[in-house]
Structure formats: structure tokens, C-alpha cells
Amino acid sequence: MDSKYLIELEEKYGAHNYHPLDVVIEKGKGVWVWDVEGNKYMDFLAAYSALNQGHCHPRLVKVIKEQLDKLTLTSRAFRNNQLPLFYEEISKLTGYEAILPMNSGAEAVETAIKVIRKWGYEKKKVKNDKAKIIISSNNFHGRTITIISFSSDDSYKNGFGPLTPGFEIIPYGDLQALENAIDDNTVAFLTEPIQGESGIIFPGEGFLKKAQDLCRRNNVLMILDEIQSGLGRTGKLFAYQHEEGVKPDGLIVGKSLSGGMYPVSAFLTNWNIMDVIKPGDHGSTFGGNPLAAIIAKEALRIIVDERLIENSAAMGEFLLQELKNMNIKNLKELRGKGLWIGIELNENVRRHAESLKKLGILCKETHENTLRIAPPLVINKEEINWALERFKKVLED
Ligand code: IF1
């Protein structure tokens, strides 16, 4: 079946909630994918950082196949033999004591919100239904009703009201605004350490540490959404580790937690916070299932064993430097950390994405003017050089 036919079929039956590049991918391996016509592309999006380990990582494929023959789902009504091992793995790797497993990223964000609100009522003694959570402008945390309620982008929420109250948006990286927003009912400050959807935006040197100090002084929890920035993407296990002395009270992870195999997400925190959650308070049919657990455990081990964090730092630095050496037309700003780079131009970059596709590179614009670069972290120097030749062609003229 050719791509034209498949695209027509998709448009005929599927909700039109996306405007994808018209490439119909059939197969993937490492940094490479192939379309139904057999054309080969380098994947420079990595499913928005859900494929840090690369496409179809053989170790992940192996554990999945083995687990499929044994057990996939028990629900949490019964225990399974894989979940405890995943808990231990992620706790030892991240230093968080208590884990609540979910599926999609948005679910894990919702989970964090439930936990911190309940913490607010039970521990901080905030009056019932008054809990306030402070959020950053231009955030992206997912697409549920509650999450879009605190989006600062009208297109994400228009037409979907009534929205969920209890959130206050401050400008991203604005310490003074954070201080002003904190009141007796404030239970948490929830933010991305680096904003992805918004175009790889940094909050400013030292912001997280100062925000953390401010939060601690006011008994406000600092919760970071590292769904996209975490698990090696920026050249550290988590983006917050670029700053000395930062340890958020809670962390939200997803995407590459499963190496792109299956939706696996989690809210990580410590027992002084997680202990407000009692049987019946929260859960999901698939969250913490044995297939998800063994995938996530292996996905984490791959990141460590294959030194993907170190590779992200080294390859990212090289890639950014080489891009800086180019004579990029209409360049507004070039910024990045690790293998997460935004090329912002003074024009719409959709045509650049289309040109790159013709040359064999798949990447996507964000907010019209920024090309977002985020290849799988398994990429090597030869592959980067291959990509750089093509970026040069497209960006220099
Ligand atoms: C789509 C964006 C990226 C996220 C952060 C939570 C979630 C995401 C920091 C929710 C998800 C995805 C969703 C995906 C596209 C993508 C995206 F452009 F929409 F904003 F990556 F930049 N927190 N981001 O980045 O996780 O529920 O999707 O598992 O098409 O919506 P999810």
C-alpha cells in the first residue's frame, strides 16, 4: 500500500487533530526510519523525546517479547512480579523514595496535581478546595481538561470549557512573579525546567535554585515536569541537574521511560508527600502493569549502560557548535542543551522541515518559527555529520 492511499484513508476516518508531514513510516531502527515506499530518513524528532533509546531498541524488543509470553496485565487488584523491580530501579536511579506509575504523560501530570493538592489539605492545612498551584506561561503539560485549564495558549483551551480552577500563571523564569504569586493557599509551583513545546526555552541561569529556595521558605512544593526534558535529553539524567543544589519535591516522567514502546509514565516524590495517597484515591487499569514495568526498567538500564546521557552531552555540544558555525539565513536565535536544540528563525520554518524531509531528515517546527532538533540519544558522530550536511543545505539558502 502506497503512502498516498494510506494518507487518504487516514484523513477519511481519523479525527483531523494533527497536521503531520506527509511521510508514512513503516519501520524504524536506531536513529533511522523507513517509509512505505522504502525511503530512508533520519529521525530528528524522536517522537518528542519518547525515543531517546532509538527506534526498536533490541534489548527492549527482547524483554517485551519474553514478557508477552508470560503476563501482560493483572490490574492493581492483584500484585505482579515486575512492578516492584521497576520501582527499585527508578528509585535507585533518581533518588526518589515513592513512585506512582501511570501511562501517558498527561495522566502523570494529573496524578502530581492530585497528590500535591491532597498534601496541601492534609499537611499544609490549606482550607478545603482553596489549594492554588502556580504554573509558568507558555507551558506544555498535556491535553486533559485540567491541564489545558492552565495553558497560556488559547488555541489549546478555546472551546473546551468550563475549565478547572485553582491555578495561577506567572511568566516563565520570573522569580519576582513567583514570590508575588505565593500565598497561604499555594501548595506547589509546577513547571518545566526547560520548555519544549514553547521552543526549547530556558528559564535563566540559577532560576531553579532560587525558585526552590523561595518555595522551601514558604512551604510550597516545587514539582518539575521532566517528561520531555528528562532521561538524558539535555545531557544530564534530568534537566534540573544542570543547576547545583536543586532537588525538586516531585518529578514527572514519561515518554522515554518506555523507550517509545508503550505509554509508561510516573510521578516520583518522597514519602512525606506520597503518604497522603491511600487505597482508592488514585489509579488506572494499566498503570504499573507487568509489561510496562519490565519495559521501563530495561529502558532505564539502557540509558545507563549505553552511556546515552554522556553521548547526549557530547554529541549535543558538537551539533550545536557546528550549527553555530553555519551561516543560517534569517536566524533569530540558536539555543540548546544536550541533544535538544531550537533553531529560531525570523520566518515560518515549515518549508525548512519539508526541505529537510526531501533530503532525508525528519524534524518538526514548533510555534511556526522554531525548528526543534531532538534526535535519539544513540546518534553517533558520523550520523550527525550526515545530518549537518543537509541542515547546511537547507538553512544556508
Ligand atoms: C502531542 C507538544 C512536545 C510534554 C510535557 C507533558 C506532556 C508532554 C513537557 C504530555 C507532551 C507531546 C505531546 C505530543 C506532542 C508533544 C509536544 F508539542 F505538544 F508540546 F513534545 F513538545 N509534559 N508532549 O512535552 O504527555 O500525555 O502526550 O504523553 O501530540 O500532543 P503525553
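Counting convention: from 1, in listed order, for ligands and their atoms alike. From a predicted model like this one, the values you see are computed outputs, not experimental measurements. Scope of the values below: all heavy atoms of this structure, side chains included, with no hydrogens, waters or symmetry mates.
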* **Winner among S198, G230, G105 once heavy atoms are compared against atom 29 (O) of ligand 1** => G105
* To do: Applying salt bridge (Lys or Arg N to Asp or Glu O under 4.0 Å), run through E389 and K393 and close with a yes or a no.
  => CA-CA 6 Å; E389 272 174 47; K393 273 201 191 110; 5.4 Å; no
* Distance-only side-chain donor-acceptor flag, N128 / Y121, under 3.5 Å -> no
* Specify side chain, backbone, both or neither for E107, according to which of its non-hydrogen atoms lie closer than 4.0 Å to ligand 1. => neither
* To do: Using distance alone, determine whether G196 and ligand 1 share an N or O pair under 3.5 Å.
  => no
* Does NZ or CZ of R117 fall inside the cone over W119's six-membered ring, less than 6.0 Å from its centre and within 45° of the axis? -> no
* Taking T234 as the fixed residue, which of K337, H242, E226 is the one that meets the side chain to side chain donor-acceptor pair (under 3.5 Å) rule? -> H242
* Asked: Among N289, N103, T111, whose side chain to side chain donor-acceptor pair (under 3.5 Å) with S284 holds?
  -> N103
* Counting heavy atoms only, which of E226, Q228, E197 comes nearest to atom 2 (C) of ligand 1? -> E197
* For Q195 and ligand 1, answer yes if some heavy atom of the residue is under 4.0 Å from a ligand atom, otherwise no. => no
* Based purely on interatomic distance, does Y156 place a nitrogen or oxygen under 3.5 Å from a nitrogen or oxygen of ligand 1? -> no
* In the protein, what heavy atom is nearest to atom 24 (N) of ligand 1, and what distance, to one decimal place, separates them? -> K255 NZ, 3.0 Å
